[in-house]
Protein chains: 2
Amino acid sequence: MEELTPRQQTILGLVVREYVKSPNPVSSRALVENYGLQVSTATVRNEMARLEELGYLTHPHTSAGRIPTPKGYHHFVERLLGEVELPVHEQRTIAHQFYQARQDFSQWMPLAASVLAHTAQGAALVTAPLATEVRYKHLQLISTQGRAVLLVLVLRGGMVKQQMLSLPEPLDQQVLDEASDRLNQHFNGLTADEIGGHVADLPAFESQVADLVTDLMRRAERHTTGEIYRDGLSRVLQQPEFSEQEHAQGLIRVMEERSFLEAVLADALSPEVGSVQVLIGGEGRWDELRACSLVLGRYGVSGFATGALGVVGPTRMLYGRAISVVRFVSDLLSDLVYDMYVG
Amino acid sequence: MEELTPRQQTILGLVVREYVKSPNPVSSRALVENYGLQVSTATVRNEMARLEELGYLTHPHTSAGRIPTPKGYHHFVERLLGEVELPVHEQRTIAHQFYQARQDFSQWMPLAASVLAHTAQGAALVTAPLATEVRYKHLQLISTQGRAVLLVLVLRGGMVKQQMLSLPEPLDQQVLDEASDRLNQHFNGLTADEIGGHVADLPAFESQVADLVTDLMRRAERHTTGEIYRDGLSRVLQQPEFSEQEHAQGLIRVMEERSFLEAVLADALSPEVGSVQVLIGGEGRWDELRACSLVLGRYGVSGFATGALGVVGPTRMLYGRAISVVRFVSDLLSDLVYDMYVG
DNA sequence: AATTAGCACTCTCGTGGTGAGAGTGCTAAA
DNA sequence: TTTAGCACTCTCACCACGAGAGTGCTAATT
């Protein structure tokens, strides 16, 4: 693979920037005029032809301007973009919003989705942090009425599960409290399997509860992503490239279908916290995403709990802003998760 | 307002049925041929012209078939549809799915959304049940690490809120337990305002917790809908009427923008549990929904907790199925909520 | 050797015309 | 009141045409 000359790099970069600005194929003249290049349109045309041979640009038809290929976007993102940072005043605004929400766990994810969507001008996805290892932390049995009992199970990492259970006969709240206390002492910090081993030693009622608990924990272990939060879908669907249904299809599926998103995340996103990956035009593996790019990140605390977050937009997206805001929000969320779980 | 003749009713009904089956304007000939009418096409044409004068049908252009107007759909739903029920085998399948999920609160809403979307072949929305009155039930303080404490607040009705709080100095889990016990005894069944009145009497740490609790409860009181669950958006967007963006816009907004959905629900949905409302073509009040119909229902237990659920589709939707499945799922959810909160 | 001016060529897009087909509205007869 | 018959209207697909935009190539220039 031959290296691009500096001028080819420049031109490739300008084509991407110009095309992102407005969704029309960009012509040699537009480039020379708008960016004050010190060469003629003919030279630019020659270079463009070369870039097309090399697979970085393409033509919708013979006599139209050029648009970047996925390979072209890739080169742009990896070699030309450099380290981008969000403007400081935006950083401050965002950090402030998170600061205000810092205590209310339930606001974090919606806020993150909203900030991502807004700043990157795309659709945003955030999955709730999920413990990499499911361990028992605390259990509470609350009598509601008659024989019905609400079981609230808190897992290490802050995940809370609720489940109803109905007793053969009514039990007093005090009896329930004692049972919870005993189970909490026995089970603190254990995994589902470890709890399973102890069940036999317990009195009848408590072992019934323990069964339920292991069941809940096993179910939690099977999940690979937590609750999913979304924002900005309607805005991004107004982009001209999504006026055709087939292109919008993949975007909507990745935003709506949990299984599809999970598949993409599993395939494309490294499990390492703080990493940011860019998936352009489906990368050949996801045909439905031909018209979309995803900027994905992972946040949280390795070994405790991690979640994913990302921006979805047309391939013609503002990669610089998207990458920087994903990274920034990811760091903020990681800090919050750290404070909550570890600090 | 003049009454429609029986034959006009028949024809209106057939136009709706035929148009729902395939999205082309329906001609007089199609009606006579497909439904074996004992009159000629000319007669049908005359009746159609009359129905158009009365505002039940319309023309896309002079020489095309007829399509129903919103008024036409209304008449169809209210007068011609009768009491529809889901086929028994579908009822059984659905009831079985809910039976299997009956103990896991967290599965109810996604399951309901999935069943609605699937059965009605539309997009589905379900809001989590929300207590009509926010009352304290139970609180648990769990020390996580150092000075950080996880506060888990259970409200009457089963809603659970989590919040972090950080102490000026580390406290032992036992101290936290005692504090929770005391607060639980004091506050059981109270509203935010009532708790606010007691705060002054408490020792420093407990009053700090109580402040947080009232704050959480006040915030819960301000919400009018719970968490929103969605399903089936991508399927319904494949319908031909949504290939134009402007029509898809309203659909996507009502599915995605919480505030928009809340406005529609507040305006259109009666607070009475078990009621089902049909909102056709935005009813003049919601221009974005011109191409959509909503079948909305409310479930839950009046005075305890209620939520909304609904199906969204093109005006050209299967009203019979949509209404019956909304009613059926609504009843199932109401039963579950009843068992959980009251039983 | 690289650049550039010039120009022919290609392709899109909007416009207008045309003919087939579908479906109506109307009139007059049953 | 219904219906047969027919003229009329409107859409849609198709084609042709010209303007405009942009390229690719060649030959001249630096």
Side-chain angles (χ1 to χ4, degrees), chain A residues 2-12 14-16 18-19 21-69 72 240-241 243-244, chain B residues 2-12 14-16 18-19 21-69 72 240-241 243-244:
Chain A
E2 193 179 333
E3 263 305 313
L4 296 181
T5 66
R7 194 169 63 190
Q8 284 168 344
Q9 308 239 14
T10 311
I11 289 177
L12 175 55
L14 292 181
V15 170
V16 172
E18 182 67 17
Y19 185 60
K21 220 186 281 173
S22 85
N24 316 48
V26 353
S27 72
S28 49
R29 186 152 54 79
L31 240 43
V32 172
E33 283 181 5
N34 297 338
Y35 298 92
L37 292 186
Q38 293 308 312
V39 290
S40 75
T41 59
T43 308
V44 173
R45 275 203 294 282
N46 286 331
E47 295 288 35
M48 280 173 150
R50 182 81 188 117
L51 284 167
E52 180 160 359
E53 267 177 50
L54 296 171
Y56 293 96
L57 295 179
T58 185
H59 259 154
H61 53 90
T62 345
S63 125
R66 298 305 208 292
I67 61 176
T69 59
E241 35 266 272
S243 56
E244 276 134 292
Chain B
E2 193 179 330
E3 264 304 314
L4 295 180
T5 67
R7 194 170 62 188
Q8 284 168 344
Q9 309 239 15
T10 311
I11 289 176
L12 174 55
L14 292 182
V15 170
V16 172
E18 182 67 17
Y19 186 59
K21 218 185 284 175
S22 84
N24 316 59
V26 353
S27 72
S28 50
R29 186 153 53 81
L31 242 44
V32 173
E33 283 181 4
N34 297 337
Y35 298 93
L37 292 187
Q38 293 307 311
V39 290
S40 76
T41 60
T43 309
V44 174
R45 275 204 293 282
N46 287 331
E47 295 288 35
M48 281 174 151
R50 183 83 189 114
L51 284 167
E52 180 159 359
E53 266 176 49
L54 296 171
Y56 294 95
L57 294 180
T58 186
H59 259 154
H61 52 87
T62 345
S63 122
R66 299 305 208 292
I67 61 176
T69 59
E241 36 267 90
S243 56
E244 275 133 293

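Naming: A, B, ... by sequence-line order, numbering from 1 per chain.
- What you find for Tyr19(A) and Pro68(A) is that their closest heavy atoms are CD2-CD, 3.6 Å.
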| said: Strictly under 4.0 angstrom, non-hydrogen atoms only: write out the protein contact profile of nucleotides 18-26 of chain C, one letter per nucleotide from the 5' end, B, S or -. | reply: ----BBBB-
| request: Applying side-chain contact (heavy atoms from CB on, under 4.5 Å), run through Ile67(A) and Leu57(A) and close with a yes or a no. | output: CA-CA 6 Å; Ile67(A) 61 176; Leu57(A) 295 179; over 6 Å; no
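- Note: CG (Leu37(B)) to P (dT3(D)) measures 11 Å, nearest angstrom.
- Residue whose closest nucleotide on DNA chain D sits further toward the 5' end, between Thr41(B) and Pro60(B): Thr41(B).
- Under the 3.5 Å distance criterion, the side-chain polar atoms of Ser28(A) are left unmatched by any main-chain donor or acceptor of Arg45(A).
- Remark on the helix from dA1(C)-dT30(D) to dA30(C)-dT1(D): inter-end axis angle 20°, axes from five-pair C1' superpositions, rounded to 10°.
- Nearest-nucleotide mapping onto DNA chain D: of Glu47(B) and His61(B), the residue sitting toward the 5' end is Glu47(B).
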| request: Let me see the working for Met48(B) and Val15(B) under side-chain contact (heavy atoms from CB on, under 4.5 Å), right down to the final yes or no. | output: CA-CA 9 Å; Met48(B) 281 174 151; Val15(B) 170; 4.0 Å; yes
Name the pairs: protein N/O against N/O of nucleotides 15-18 of chain D, kept only if under 3.5 Å.
none

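- Between Tyr35(A) and Leu14(A), the closest heavy-atom pair is CD2-CD2, 3.7 Å.
- Gln38(B) approaches Gly36(B) most closely through the heavy-atom pair NE2-O, 3.2 Å.
- Remark: Glu53(A) engages Arg50(A) in a salt bridge, criterion side-chain N to carboxylate O under 4.0 Å.
- Of the listed residues (Val39(A), Ile11(A), Thr10(A), Thr41(A)), just one forms a side-chain contact (heavy atoms from CB on, under 4.5 Å) with Leu31(A), and that residue is Ile11(A).
- There is no side-chain donor-acceptor pair under 3.5 Å between Gln8(B) and Tyr56(B).
- A heavy-atom distance below 4.5 Å is found between the side chains of Glu18(A) and Asn34(A).
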